[in-house]
Amino acid sequence: MLNEVGKLTAYVGAKNTDEKDVNTYDKVFATNDDAVLLERFWREAKSDITDKLSRHIITPEKPITITDDNVDTTEQYQIELHLPDNYNTAMLAPLNDEIYNYMANTIIYKWFGITNRGDEERYSSYAANSLAKIHSYLLRRNTLLTRKPHPF
């Protein structure tokens, strides 16, 4: 996840300039030196999505130990969701993608709240859109096809 945040912040920084027409790359790009703060945003995003999906979660994440001097960039977010028997399983991949997008956009909008206020609202909106899609995907069901005889 932190690599994704790094790629996107590098791209945004390289493509934008400030009011003095100076490239914003150094200001916006999230580097390894920023990992402690980015990990905090990662944990906040995980807590937020876990809260929002809590009624669907069977197996929450395992408890973690947090220390100030240890940044784990390999940590993964895994949950088990309770879905009804008639859930449309074709929506599992898009659901997974939107959870990923939600978390990435949440981290980026929090980061841009510090480094690039002009884009903060845009990424907050992206996160909100991802959350709406997540809720929509959770409601998808297979419908039973009933065939009615058609008189000729």
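All values reported here derive from a predicted model rather than from experimental measurement.
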Kindly give the heavy-atom pair with the smallest separation between [X] and [Y], and that separation in Å.
X: Y77; Y: W42; value: CB-CH2, 3.9 Å
X: L138; Y: H56; value: CD1-CD2, 3.6 Å
X: R140; Y: Y87; value: O-CD1, 3.1 Å
X: H82; Y: I58; value: CB-CG1, 3.4 Å

Please report the interatomic distance [atom1]([X]) to [atom2]([Y]), rounded to the nearest 0.5 Å.
X: L131; Y: N105; atom1: CG; atom2: CG; value: 11.5 Å
X: R40; Y: K110; atom1: CZ; atom2: NZ; value: 7.5 Å
X: K46; Y: I99; atom1: NZ; atom2: CD1; value: 13.5 Å
X: I49; Y: S130; atom1: CD1; atom2: OG; value: 9.0 Å

Criterion side chain to side chain contact (heavy atoms under 4.5 Å, CB included) on E44 and T106, from CA distance to verdict: CA-CA 9 Å; E44 289 173 3; T106 297; over 6 Å; no

Full working for side chain to side chain contact (heavy atoms under 4.5 Å, CB included) between L95 and L81: CA-CA 11 Å; L95 176 63; L81 297 176; 3.8 Å; yes

Determine whether [X] and [Y] make a side-chain contact, defined as any pair of heavy atoms from C-beta on separated by less than 4.5 Å.
X: L139; Y: H135; result: no
X: E80; Y: I57; result: no
X: N129; Y: N101; result: no
X: R122; Y: S125; result: no
X: L37; Y: W111; result: yes

Whether S136 side chain and A132 backbone form a donor-acceptor pair below 3.5 Å: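 No; zero donor-acceptor contacts below 3.5 Å.
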
Short side-chain to backbone donor-acceptor contact, S47 and R43, under 3.5 Å: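 Checking the backbone N and O of R43 against the side chain of S47, a donor-acceptor pair under 3.5 Å is found.
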
CZ (R141) with more than 12 external heavy atoms under 6.0 Å: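 Yes, because the 6.0 Å sphere around CZ of R141 holds more than 12 heavy atoms from other groups.
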
Heavy atoms from other residues, nucleotides or ligands near CD of E121 exceed 12 (cutoff 6.0 Å):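 Atom CD in E121 is not crowded, with 12 or fewer foreign heavy atoms closer than 6.0 Å.
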
Ring centers of F112, Y109 separated by less than 6.0 Å: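 That pair fails the under 6.0 Å test.
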
Trace of the side chain to side chain contact (heavy atoms under 4.5 Å, CB included) decision for L83 with T89: CA-CA 9 Å; L83 300 169; T89 56; over 6 Å; no

Audit row: I114, F41, side chain to side chain contact (heavy atoms under 4.5 Å, CB included) steps and yes/no: CA-CA 12 Å; I114 296 170; F41 295 156; 3.8 Å; yes

